[in-house]
Each structure stands twice: as structure tokens, then as C-alpha cells.
Number of protein chains: 2
Amino acid sequence: MTKKVQKRDAEASRRRIIENAIALFSKKGYAGASMDELAKMSDLNKAMIFYYFKNKKGLYEAVMHEILQEIYEAILAENKLHDNPLEELEGFIRTYASFACAHPYLPALLLKELSDSGAVIPETLFASMRKLFALFSDILRRGEAQGIFHDVIPMVLYFTVLGTLNLMVTTKPLRVKAAQLDDIEVDTCAECDIDEIADYLIRKIKLMLQQEER
Amino acid sequence: MTKKVQKRDAEASRRRIIENAIALFSKKGYAGASMDELAKMSDLNKAMIFYYFKNKKGLYEAVMHEILQEIYEAILAENKLHDNPLEELEGFIRTYASFACAHPYLPALLLKELSDSGAVIPETLFASMRKLFALFSDILRRGEAQGIFHDVIPMVLYFTVLGTLNLMVTTKPLRVKAAQLDDIEVDTCAECDIDEIADYLIRKIKLMLQQEER
DNA sequence: CCTTTAATTAACTAGTTAGTTGATTATAAA
DNA sequence: TTTATAATCAACTAACTAGTTAATTAAAGG
């Protein structure tokens, strides 16, 4: 089944818009992203954006839904490979880290959204974000019930993991630049790759959770 | 010395602009903040903004410099009260937390800036941000040298602390809202106040650093 | 081949944006 | 009191904003 060369392909046009919108929103933020620019990037008339997504907010909603769904599915698939909280937690962190690194728009968009306290986000996204947290929370709660984790506050630990990984990804260019001018002695970890960072974080989170308070 | 009522006071006007700009940028982001709106908020003609700050970027620079300087001084002052790395680390986290809570524009602006990877940020700010990290890094390095901290990567731990605290502050409204609709069982920590969170984080960070890897 | 429908476009609107200009005040120094 | 200067403002520009409209073209079904 050879794909026939069509001049019109609704599905493809829609995807082109979404794909470019992800890049644009994550680079410039919601307010900074121009629909004129997006149309040019996507090689389509601007009216098409509104034809497919009604308005800018609708497009943003679609973009956020898309990426949250993607990361959720990746993590859920990984999660099914394990059957104990410790391995599940490791898997969560590792999968999130490598996904975030492979798709750096995720951290950028997530941090922008969260730093706004959901200024743009509508109800539906709200639900998507909670699904991911619910999964994380469940892992920790089960671990606690089994006596392998102690003193657990899932919400805080969730942001510890997301905060660390997201910031390490988004600040990468900044940190590399800092390492180059290199006037003072601080190590900005410019060379670390994300898997090392994930390993380190996992090691540390284990110490956090497996030890009783001293 | 009674303050004479003047119709013109450059210092006061400048401050009014900066003060309102902090609120506006942290609420709407760089692109979303309108200079027309800022002028109205500040009860001044828009031209005054450009008279004092040259352009929007210059204003943003001044705003960021202001708040980074403020938090740096608060933390430095606290730091001088202690003389061992463990207490210094505790002080750092606690001071950052309570400052961030009292001035929630700080987390909002910092997360926005960092999620942009310095899209707007100029060289001068870059330096300001590093000063804070250098202080944190130094505490950890000394602790490691004294054998009370182990397996230290300051950059990662820095973002662990900042990520956790900033996200807990900025998401507060979102979490409260989530707790209200409360359809599923997840605990969003809506009631926790920032000092409890800081205590929890300190406890956990200590476990991270004081234990050898098992 | 004709008709219907879905996809696409050019051209437009009405409002907003950052930034400018030149005149006009208030204040303090001479 | 005059003069110089610093602070303020109204009115403007040119570019850009999200979103609309009505006409046009391509494809698919009968």
C-alpha cells in the first residue's frame, strides 16, 4: 500500500500544526507564540490553525494533552514490567528522565505551565496531570504499606523528582555556557548526561525513602 | 524630617514601576506583560517606563536583578549565623523556603526564566544566579571535605532543593483547587504550609547526604 | 461526469504591541 | 526672579496580534 501523493491531507496538516506548535510553545511560551509564525513554519495558511483548533487556547490544549498523554503512556508501559514498588519507582524516574531528554519540550512546557499555576490550563489538562501524579503516589503508598518506604509525602517527592529532572534538562544549554566562560570554580555539571543524573537521583531517593529518620 | 509632599519624585516613580513590574512579569511572563498595563498600574505615563529603563528587556533585567539580589542577601545573612555545613545547609533551605513563600513572585519568575534556558536573561543576571549556586555548592563541598556529606553533586542537589520548593509554592493554588473537587484519592498536600515542607525536605536531604551508599 | 463536501487560500478586521516625539510642567540652583 | 534641568504627559507610529470571511480548489461518491 503505497501512500498516494495527495495535495490535501487533513490528518497530515493537523499533525504538522501540532508538531510545530509543540516546538513553538515550548520555546516562546503561550503568550509569546505567534499564530502567524506557526502558520509559516507549518507551510499552511493561518486560517487552517483556526479551522482545526478553533482558537489559540484550543491549540494549546491539544498540544498539552498530546504530550501529557505520551509521557503517561511511556511511564505506564514501563510500570507494567515491574511488580514491586522499589523497581517501579526506579522505572518511573528513569523513564521520565530519558523521555524528557529525548523530548525537551516536555520539561519546558511543564515548568511554564506549573509556574503559572495553570493560568492557561483548562480542566481536561488538569486531569491529565493528575493521572501521572496518581501513578507516582500509588507506587509510594504501596511501598510504605509494605514497610520498604518510610515517612512518605508523595506530593513533595513528586516535585522533587520532576523539579530536579526538568530543571536539569531545561538548563542544559545555560550550564554548558557557564562551563565555557568558566571564570569561577563552580561545577555546573555540563558534561553529565541525563542517565547519569537519573542514576544519581534514584540512588539518593532510595536513601531518602528506605532509611528511617535518625 | 517630614517627607515633603512632592508632585515629582523620580525615586518613588522608579520604584513604583519596578514593584508593579515584578507582580506583572511573575503573573504573565515576559511576553505576556504589557507595558501599557504596567503604566496604568503604576499611575504613570507609559513613556516613563522607557525613560527609566530604556526598553522592556532593560526593565525585565532590573526586575530580575532586584529579586536575585534580595534573596541572595537574605540567604547570605542567614548563612553567617552558622559555622558548620549541616546547619548552613538547613539555613539555606529554610531561608529560601520562607522567602519564596513570602514573595511568591520569586519562584514564578525563576521557573519561567529557567524553563526558557535564558531566552531573555542577559549576562548580568547569569552572574547573579551563579552567586547563589556558588554559595550552595560551597556548603556542600566543605561538608564533603569534613566527611559529613557523601556522594555530592552540587548542581543536581541545588535543583532538587529549588525545584521542590519552587514548585510547591507556585502550584499551591492548583493543589488547593484539586483538593476541593477531590474526585479521586490523591493527596495534593493542599494544607501543608511551607515551613512543614521545608522541614520535611531538610530531613530527607540529610538522609541523602549523610548516609553512605548501601 | 456531475455534485457534494472537505481542505485551503488571500484578504481582511479590529485591537494591541513596544517604543518615540515634542511639548509641558515642576523643582532646584543661580 | 530667571534659568536650567529633570520629570511627566498626550498623542502618535508602525508593526504585529488573534481571529474572520467568502471565495476557491481538490477529492470522493454516485
Side-chain angles (χ1 to χ4, degrees), chain A residues 1-64 112 116 119-122, chain B residues 1-64 112 116 119-122:
Chain A
M1 65 184 224
T2 52
K3 217 180 283 175
K4 57 180 151 182
V5 181
Q6 284 182 135
K7 288 192 178 173
R8 296 188 168 192
D9 184 340
E11 203 62 28
S13 297
R14 213 190 119 97
R15 275 240 60 82
R16 241 172 32 245
I17 293 172
I18 283 249
E19 229 59 70
N20 287 304
I22 288 176
L24 197 60
F25 278 131
S26 68
K27 196 175 156 203
K28 311 234 178 150
Y30 179 77
S34 149
M35 298 298 98
D36 283 276
E37 191 182 345
L38 176 59
K40 267 174 207 150
M41 286 168 77
S42 308
D43 205 25
L44 280 168
N45 191 281
K46 185 169 57 142
M48 297 311 288
I49 298 170
F50 301 94
Y51 178 65
Y52 286 116
F53 300 98
K54 186 180 175 188
N55 55 29
K56 188 178 181 178
K57 203 169 159 186
L59 171 63
Y60 183 77
E61 212 171 314
V63 161
M64 290 301 285
K112 284 188 175 70
D116 258 347
V120 192
I121 215 169
Chain B
M1 64 185 223
T2 51
K3 217 180 283 172
K4 56 180 152 180
V5 182
Q6 283 182 136
K7 289 192 177 171
R8 296 188 169 190
D9 184 341
E11 204 61 29
S13 297
R14 213 190 120 99
R15 277 239 59 83
R16 238 165 42 240
I17 293 173
I18 284 247
E19 230 57 72
N20 287 304
I22 288 176
L24 197 59
F25 279 131
S26 66
K27 194 174 159 202
K28 311 236 178 146
Y30 180 78
S34 148
M35 298 298 97
D36 283 276
E37 192 183 344
L38 177 58
K40 268 173 207 151
M41 287 167 77
S42 309
D43 205 26
L44 279 169
N45 191 279
K46 185 170 54 144
M48 296 312 288
I49 298 170
F50 301 94
Y51 177 65
Y52 286 116
F53 299 98
K54 186 179 175 189
N55 53 29
K56 188 178 183 179
K57 203 169 160 187
L59 171 62
Y60 183 77
E61 210 171 316
V63 161
M64 290 300 286
K112 283 189 176 69
D116 259 348
V120 191
I121 217 169

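A quick note: this is a predicted structure, and the numbers were derived from the prediction, not measured.
The nucleotide whose nearest atom lies closest to any side-chain atom of B/S13 is, among C/dA7, D/dA7, D/dT8, D/dT8. Between D/dA7, D/dA18, C/dT17, one nucleotide has an atom nearer to the side chain of B/A10 than all others, and that is D/dA7.
The nearest pair of heavy atoms linking B/A39 to B/K46 is CB-CA, 3.6 Å. Counting all heavy atoms, side chain and backbone alike, A/F53 lies closest to A/I17 at CE1-CG2, 3.6 Å.
Note: A/K28 NZ to A/K112 NZ = 11.5 Å, rounded to the nearest 0.5 Å.
Side-chain atoms of A/N45 never come within 3.5 Å of backbone atoms of A/M48 as a donor-acceptor pair (strictly under, hydrogens ignored). Not one N or O on the side chain of B/K27 forms a donor-acceptor pair closer than 3.5 Å with the backbone of B/A33.
Summarising the geometry, the separation between CZ on B/F53 and P on C/dG19 is reported as 14 Å, rounded to the nearest angstrom. Whole-Å rounding puts the B/D36 CG to D/dC16 C1' distance at 14 Å. Nucleotide D/dT17 holds its P atom 14 Å from the OH atom of A/Y30, rounded to whole Å. Going from atom CG of A/D9 over to atom C1' of D/dA27 covers 12 Å, rounded to whole Å. As a whole-Å value, the separation of A/E37 CD from D/dT17 P is 8 Å. A/R8 places its CZ atom 13 Å from the P atom of D/dT24, with the value rounded to the nearest Å. Between A/L59 atom CG and D/dG19 atom P there is a gap of 10 Å when expressed in whole angstrom units. One interatomic measurement links the two molecules: OH of B/Y60 to P of C/dA18, which rounds to 15 Å at whole-angstrom precision.
Comparing the axis of the opening five pairs of the helix from C/dC1-D/dG30 to C/dA30-D/dT1 with that of the closing five pairs yields an angle of 0°, rounded to 10°.
Put simply, the side chain of A/I18 does not reach to within 4.5 Å of the side chain of A/Y52, judged on heavy atoms. Residues A/M35 and A/L38 are in side-chain contact: their nearest non-hydrogen atoms beyond the backbone lie under 4.5 Å apart. Side-chain contact between A/K56 and A/L59: absent, with no pair of heavy atoms (C-beta onward) separated by less than 4.5 Å.
Listed in residue order, the members of residues 38-52 of chain A having a heavy atom less than 4.0 Å from DNA chain D are A/K46, A/A47, A/F50.
The aromatic rings of B/F25 and B/Y30 sit parallel to each other, their planes meeting at less than 30°, with 60° as the upper class boundary.
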